[in-house]
Structures are given as structure tokens and as C-alpha cells.
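Numbers here are sequence positions counted from 1.
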Amino acid sequence: MQRHGNHSSASSSTVPIEEVHMQEEEEVYQDEEPLIQEETEAKTPPADSKNGRRTERGGGGERGGGDVGGASRSPVFSWFVVLALLGVWSSVAVVYLDIVDYDRVIARAKDFHGNLSEVLQGKLKAYDTDGDGDFDMEDAKVLLDEKRKEGAERDATPPTDETAAGSNATTGLKDAATPPVGTSPEDGTETQERLAATTNQQEEDPQEAEPAEDTPSERPPVDSVSADVMMSSLLPPGAGSQDVESEIQAAVPLPPPLDEGFVPDDPQDNSFPDDLGDAIDTTGALMEEAEPVAGAEEESRAKKKKPKLLNKLDKSIKAEIDGAEKLRKKGQLDEALRAFEALVRRYPQSPRARYGQAQTEDDLAEKRRSNELLQRAISSYRDAAELPDATPDLLRAALRRRAERQQFLGRMRGSLATLERLTQIFPEDIGLKNDLGVAHLLLGDNKGAKQVYEQVLAVVPGNGFAKVHYGFILKSENKIAESIPYLREGLESGEPGTDDGRFYFHLGDALQRVGDESAYHWYELGHQRGHFASVWQRSLYNVDGLKAQPWWTPQETGYTDLVKTLERNWRTIRDEALAVMDRRTGSFVPEEENLREKGEWGQYTLWQQGKKIGNACQGVPRTCALLERYPEATGCKRGQVKFSVMQPGTHVWPHTGPTNCRLRLHLGLVVPRPGCRIRCTNQTREWEEGRVLIFDDSFEHEVWQDANGYRLILIVDVWHPELTPYQRQTLSPI
């Protein structure tokens, strides 16, 4: 309490709260003038100087001491003693009874914000104790000792380079007047020098400058149903019926990152691949590795370099930019957008103002689920990057975010063009090269992606991101053995962007195909990393908590009526299927997913993703009429209804389906014996004519057809019985 007593010795109980702040600060800034000069000075007796000593003769002593007898000789001094005692108890009440009206403090302090730029150029900035760019409730509490204990604890720990820049409050305000090494003398005023020493984190916040190099952004994991909407939204119109029984294990182009906020526009071109998996994230905070500082405590760790987003013009209006940015960070997006738009009108050549406008439009687009607003943000990112004096970090951040949002809207060609421009501006940036390769994959241009990754690996042979994607492309070309070392070494690198379930999947699948039992080691690692439900169940589009077992009985599914209908009418169904086959109309389409080691396998699809396929039912009208009574099958948006014919000598590699949201029914129609069998996990069974087999195809399964004639079955996918009606309605199609 001695400290409070010293402060209070120069004030009365009627002195405004701002005066308390000023005198609290006087103890710290020993060479500064008081911030607020009020009429109370006329009422206040001579005060101690900033070093705690009296400034007038006659008071006697130091630190509020003196001769009591002298006080009796001076009525002024007597009043001084009385008021000092009142001040002591006022301080007690302020700190321990919490009677200060902080709202009043803030209101009085905000009177000085009428001319914000002038105030921040002055000394009010000294009272910004939490480094957020203004004087607010938290600052008032700190200056009134509400947080003195917390500040003392932080003072005991020497600030690091990373933390010293973010706070000028409880880590020692007395040091704020001395700029650290590297402070530019060109910033102008004394306050600007102090701002340079305690640079606002909004200027250099890595998250503000998203996306960035080689660091994955934080997005919801695709462990349930978050990213699979891209599967349907990126399919070209009229893509036709195809077997997606095992699309996740087919090496297909990678989809764009998906933000769970609003649905992207339909793609604008028809060059998209037919099969798309879940998102692979290649974005993140804008970070660069800094060179180790010689002699800096012998630390060998590379430090993160924060992006520099302000040019000379932006620095001159930094206070106003910070004010608008603070509104954006607090979620006051409409106010923030108006503030940034006003800045752009006043300073049309300010890259940082335009970049802030773009970020705010981006945030509002997410909040309002508005593609129109997102398109505005995409244009604003471009405008910010095109200004002549944009810093390299701002240019990089704006264009990378523009490319990412273009991908979200399905504007893949526009995203590719943006990334090509970036790689031309920053040819040494390997992260941008890797992003460009992904953009080629999104367009189905595996050849272009392959060339990009070959260029990356020629410069940086150990780049893990390039390796897994290059191996992914080799596997899509059926270069199985050649793809293995790239996939393995890329995963072993642990680099950002490599920890994706499909890379574990494809490596294991490639190893299985060359007879290498270490495949299950990689499946186990994928399971441990949370990509697979188990070593056996390796689907990637899942709903958590559903019952998981490889084989099911009709009673367990609850679809006994459907099973009985299929088994009672199997001959009718068989005859219609044979009639379609005998016409040789080409309705049976060869399986083209690279699932066969050898042989012939054809399919004739009736329903896919819950929709009837064209005129397919005209060839088998009775079969379709039977099935239309069962919406659990015809309405299953994550499955198909199709005939499957397999010729002798066919072997289907071990594989898994894409989702745990369905069960698969096989009705035997023509089954030559022996030689036709199916394995699911470690159990192998055979089809029987007129009987239904039920299994969960998200578990690993494998098929052999070694009989003397063709095998014909009807495949009917149904919703997993534990899915709710709402889930069945809202789950995205696969």
C-alpha cells in the first residue's frame, strides 16, 4: 500500500480518475510530461516530482516525508496531509473494493478519440497497456493495479523476441520509450518510435495474412461429412453413371479446400474429373524461416518471420488501419467494412486498406453464406495485389487467399491463373509451386501437375509434399511399384500437407498389389493418425458412432421386407437383366477404376446418388417397380443400385468403399459353382442364386471369379440403419 500512498499524496478525493492514471504513469515514464492538464492543477498543492522528490522548498524531506512541526506552521501543508490520508484510503477502495466506475473511465478516455490520429500520435498511446491499439477497460484496470500481481509475474520472466513486440504493459512500461534494435528512425514522432518498439500484432499477425507457405490452415477434419459435398458439386453435368464403389482408392485429382460456411458455386467449366475425394489442405499462416542470429544465446531453432504488410503510406495511417482491423477481429464486420471502405476512398493507393477490405468481405461472405460477397472479396484481393507499392508479403498473402477462395467457388482455371502469377513473382517459393501442382490436379491436368512436382523435386529432392503428390500421380498412371518410394518417403517426412488419409490409403494399396505385407503397417499408422476407423475399415466419408461390422443379417439391418421381396422375385429380376445383356446395347459399362488385377467386369446402373439414371429402368421395368417401394435403397444418396456381371478369370484387388453410411446387398442371379467368392475382412463367403448377402463395403473386401461361366448379381445399397431421417436427408451425395 505504500505505493498507493505515494501516488495519492498528490491528489484529492475529487480528482478525476484520469488524473489517477496520469500519476500512476508518472512513476513509470520518468521523463514524460503529464498527459492530461486539467483545471484541478489549480486546486492541487505542489506535487512530488517524477523521481519522488519534492519540487518546492518548505515541504521538507523526500517521498512525502517532512517535519510535522513544519506542517503545523503551514495551513497548506496541513490540508496536504489530510488529503494524502484520504488518497490512501481511496486507493484501497479502488483496488480492493473494486468501486471504480471503469465505464466512466473509458468514457472520459474516449473523449480524446474524437481526433484519433492526433491522440495516438500523442501520449495516450502510453496507456495502451494490452497492446490492442487503444485505451479500453482492460487498460484502466491494469493502470489501477487490478492486474499488478499478474504484471509482476510477467516482469519476472525476461521477454522473448516474439513476446516483447506484442505487449507494452505489464512487461515493463518504462522500457517502452527506448526503441529496440531495428527500430526505424524514419517513423517520425516519438510515439511512432514507441509503436515500432511495440508493433501492433494486427500488423504482423500471421493469421491475418493467411494463407501461407507450407503450413496447413486450421480446418475441420474430414472425419465425418464436412468435405464430401465437393464430390457432387464438382461433377460435370451429365457425367453419367459410374461405379463409385471404391473411388477413394482410385488415384484421382485432389479436390479444393472446403470451408464449411456456404455452398460453392457450380463449376464454370466441364474439365473437372469425375471422381473427387475429400479436401487436402495446403494453406496456412504466412511464415518464413528466419536465419539464426549469430550469438543469440546459442539457439539453433529457426525463428518465424512475421509478414510485413505496411508500406510507407500505410505506416502513416496505421492508427486508422488498426482501428478498422480491430473491429474486424472483434467480429463487428459491418462497421469494419465501412471503416476500410472509407480508408480506401481517402487513400486509394493504400494496399493494406484494400487488403483489409478484402478480408472483411471474405469474413462477411462466410457469415452471410454469400457467394456474391465472396466474389467481391476475390476482386478486392486482386486490387490490393495490383497496387504498385504493395509489400511482397502482402502481395503473396492477398493472391494466395484469392486463389484459395477461387477454388472454393469452383473457379479452378481462375485459381490456376492466380497461382501461376504468384510463381512468376516468387519463383524461389517452393510452397507456391506445390500449390500450383494441386491446382493442376483440381483441373484433372495430371500431366501439368506432374511437371510442376518434377521441377520442385529437381530443386528440393527431399520435399515431402511434392513427393506424396508425385507418388499419387504415378499411382494414377498405374505405375504401382514406382509410386511406392515417393508415397512412403513423403509420409515419413511429416511435412505439412502430407498427413492425409488417402496417401496412407494409396501407399498401402500399392504395397498390397506388389505383395508387400507392410501395407497393413501403413494402414495401422493411418488408423493411429485418425484417418481410418480401423485397419480393416478404411472409408474416409464417415458418420461417427454407427455400428461397424463386416457382415450383417437381414434382421440386424431391419430391412427384412426388402430382402424378402428381392429373394421372392429373383427370377423376374434375373430374366430382365439377361434380356438387357442379350441385346448387346452397351448398357453394361466396363469397370474403369483400376480395381481389377485381371479379367472383365461390367455394370448396368439403375440408381446412383439417390437418382434414377436416364432411361435405364425401361430395360428392366419390373425390377425398378419392385425397388421403388423401398426408399432406403432408391433414396440412398451414398450408394447405387446396379447389375454386376463378372467373367471367368477375374480378380478384384482388396479395396474399401468410400463411406460407412451404407450397407451393400448382393442378390445372386447367375452363380456358377464352384469358384465365385467374396472376402470381407477375414471371412470369405460365396453367392447363391436367389439369396441375399449383406456386408459393409467400408471394410476391406476382395472378389475372385474362377468359375467356368459369368457371374451375375444385383447390387443394392441401402442407408445404414442407424442413420436418422434428418441425416439421410442432409448428407451430401457420394
Is any side-chain heavy atom of [Y] closer than 4.5 Å to one of [X]?
X: Val703; Y: Trp601; answer: no
X: Leu546; Y: Asp544; answer: no
X: Asn434; Y: His469; answer: no
X: Thr650; Y: Trp704; answer: no
X: Tyr520; Y: Trp536; answer: yes
X: Leu409; Y: Arg405; answer: no
X: Cys661; Y: Leu723; answer: yes
X: Gln375; Y: Arg411; answer: yes

On a heavy-atom basis, which atom in [X] and which in [Y] lie closest, and how many Å separate them?
X: Gly619; Y: Pro621; value: C-CD, 3.5 Å
X: Ile484; Y: Ala510; value: CG1-CB, 3.6 Å
X: Ala403; Y: Leu419; value: CB-CG, 3.8 Å
X: Arg662; Y: Gly657; value: NH2-CA, 4.3 Å

Just jot down the side-chain contact (heavy atoms from CB on, under 4.5 Å) partners of Ala519, sequence neighbours excluded, or say none.
Leu511, Gln512, Tyr523
Output all residues satisfying side-chain contact (heavy atoms from CB on, under 4.5 Å) with Thr557, sequence neighbours left out; order by chain, then residue number.
Trp552, Tyr559, Leu663, Ile694
For Ser476 and Asn446: C-alpha separation, side-chain torsions, deciding distance, then whether side chain to side chain donor-acceptor pair (under 3.5 Å) applies.
CA-CA 9 Å; Ser476 72; Asn446 285 21; 3.2 Å; yes
Measure from the ring center of Tyr504 to the ring center of His527 and say whether it is less than 6.0 Å.
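Ring-ring flag for Tyr504/His527: false, centres at least 6.0 Å apart.
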Would you say the rings of Phe695 and Trp551 are close, in the sense that their centroids are separated by under 6.0 Å?
yes
Glu632 and Arg728: CA distance, side-chain angles, deciding distance, salt bridge (Lys or Arg N to Asp or Glu O under 4.0 Å) verdict
CA-CA 9 Å; Glu632 62 265 28; Arg728 300 181 188 195; over 6 Å; no
Atom [atom1] of [X]: over 12 foreign heavy atoms under 6.0 Å:
X: Lys564; atom1: NZ; value: no
X: Arg529; atom1: CZ; value: no
X: Gln455; atom1: CD; value: yes

Carefully, step by step, assess Arg571 and Asp575 under the rule salt bridge (Lys or Arg N to Asp or Glu O under 4.0 Å).
CA-CA 6 Å; Arg571 290 184 175 86; Asp575 293 344; over 6 Å; no
Aromatic Trp687 / basic Arg711 pairing, under 6.0 angstrom, 45° off normal:
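Satisfied, under 6.0 Å and within 45°.
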Does the cation-pi check pass for Arg538 over Phe505, that is, NZ or CZ under 6.0 Å from the six-membered ring centre and within 45° of its axis?
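Yes; both conditions hold, so Arg538 lies above the ring face of Phe505.
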For the backbone of Val692 and the side chain of Glu567, can you confirm whether one donor and one acceptor N or O come within less than 3.5 Å of each other?
yes
Looking at Ala707, is its backbone amide N or carbonyl O close enough to the side chain of Gln705 to form a donor-acceptor pair, meaning the two atoms are under 3.5 Å apart?
yes
Apply salt bridge (Lys or Arg N to Asp or Glu O under 4.0 Å) to Asp717 and Arg638, showing your working.
CA-CA 8 Å; Asp717 290 334; Arg638 295 197 161 191; over 6 Å; no
Identified side-chain contact (heavy atoms from CB on, under 4.5 Å) counterpart of Val718 within the set Val641, Leu665, Val563
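Considering Val641, Leu665, Val563, a side-chain contact (heavy atoms from CB on, under 4.5 Å) with Val718 is found only for Leu665.
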Identified side-chain contact (heavy atoms from CB on, under 4.5 Å) partner of Gln406 from the options Leu416, Leu374, Ile378
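Single side-chain contact (heavy atoms from CB on, under 4.5 Å) partner of Gln406 among Leu416, Leu374, Ile378: Ile378.
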Which residues satisfy the side chain to side chain donor-acceptor pair (under 3.5 Å) test with Glu722, sequence neighbours excluded?
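Once residues adjacent in sequence are excluded, Glu722 has no partner under the side chain to side chain donor-acceptor pair (under 3.5 Å) criterion.
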List the residues meeting side chain to side chain donor-acceptor pair (under 3.5 Å) with Thr565, not counting sequence neighbours, and say none if there are none.
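With sequence neighbours excluded, Thr565 shows a side chain to side chain donor-acceptor pair (under 3.5 Å) to Tyr630, given in chain and number order.
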Start with the C-alpha distance between Val620 and Tyr604, add both sets of side-chain angles, then the distance that settles side-chain contact (heavy atoms from CB on, under 4.5 Å), and finish with yes or no.
CA-CA 11 Å; Val620 287; Tyr604 179 67; 4.3 Å; yes
Would Leu474 and Leu487 count as a side-chain contact (heavy atoms from CB on, under 4.5 Å) if you check the C-alpha gap in whole Å, the side-chain angles of each, and the deciding distance to 0.1 Å?
CA-CA 10 Å; Leu474 291 175; Leu487 287 166; over 6 Å; no
With respect to Gln640, which candidate in Arg664, Gln609, Gln603, Gln608 satisfies the side-chain hydrogen bond (donor to acceptor under 3.5 Å, both in side chains) definition?
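Result for side-chain hydrogen bond (donor to acceptor under 3.5 Å, both in side chains) with Gln640: Arg664.
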Which pairs would a plain distance check flag for residues 668-683, meaning a side-chain donor or acceptor within less than 3.5 Å of a matching protein atom at least two apart in sequence or in another chain?
from   : atom 1 : to     : atom 2 : distance (Å)
Arg673 : NH2    : Glu686 : OE1    : 3.2
Arg677 : NH1    : Asp706 : OD2    : 3.4
Arg679 : NE     : Glu702 : OE1    : 3.2
Arg679 : NH1    : Thr681 : O      : 2.6
Arg679 : NH1    : Glu700 : OE2    : 3.2
Arg679 : NH2    : Glu700 : OE2    : 2.9
Arg679 : NH2    : Glu702 : OE1    : 2.9
Gln683 : OE1    : Arg685 : NH2    : 3.4

Can a donor-acceptor pair be found between the side chains of [X] and [Y] at a distance below 3.5 Å?
X: Asn569; Y: Thr572; result: no
X: His531; Y: Asp500; result: no
X: Glu628; Y: Thr634; result: no

Are Leu457 and Glu454 close enough, and set up right, to give a side-chain contact (heavy atoms from CB on, under 4.5 Å), and what steps lead you there?
CA-CA 5 Å; Leu457 293 173; Glu454 286 174 343; 6.0 Å; no
Any disulfide bond (SG atoms under 2.5 Å apart) involving residues 619-653? Give me the pairs, sequence neighbours left out, ordered by first then second residue.
Cys617-Cys624
Can you measure from CG (Leu712) to CD (Gln647) and round to the nearest 0.5 angstrom?
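These two atoms lie 10.0 Å from each other.
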Would you please test Leu606 and Lys612 for side-chain contact (heavy atoms from CB on, under 4.5 Å) and show each step?
CA-CA 6 Å; Leu606 305 177; Lys612 190 179 293 186; over 6 Å; no
Going through the distances and angles, do Gln549 and Glu556 end up as a side chain to side chain donor-acceptor pair (under 3.5 Å)?
CA-CA 11 Å; Gln549 63 186 43; Glu556 287 174 322; 3.0 Å; yes
Audit row: Glu495, Lys467, salt bridge (Lys or Arg N to Asp or Glu O under 4.0 Å) steps and yes/no:
CA-CA 10 Å; Glu495 292 183 14; Lys467 280 188 172 183; over 6 Å; no
Can Glu477 and Lys450 be counted as an ion pair, charged N to O under 4.0 angstrom?
yes
Under the side chain to side chain donor-acceptor pair (under 3.5 Å) criterion, do Asn660 and Asp696 qualify, and how do the steps go?
CA-CA 7 Å; Asn660 73 340; Asp696 184 339; over 6 Å; no
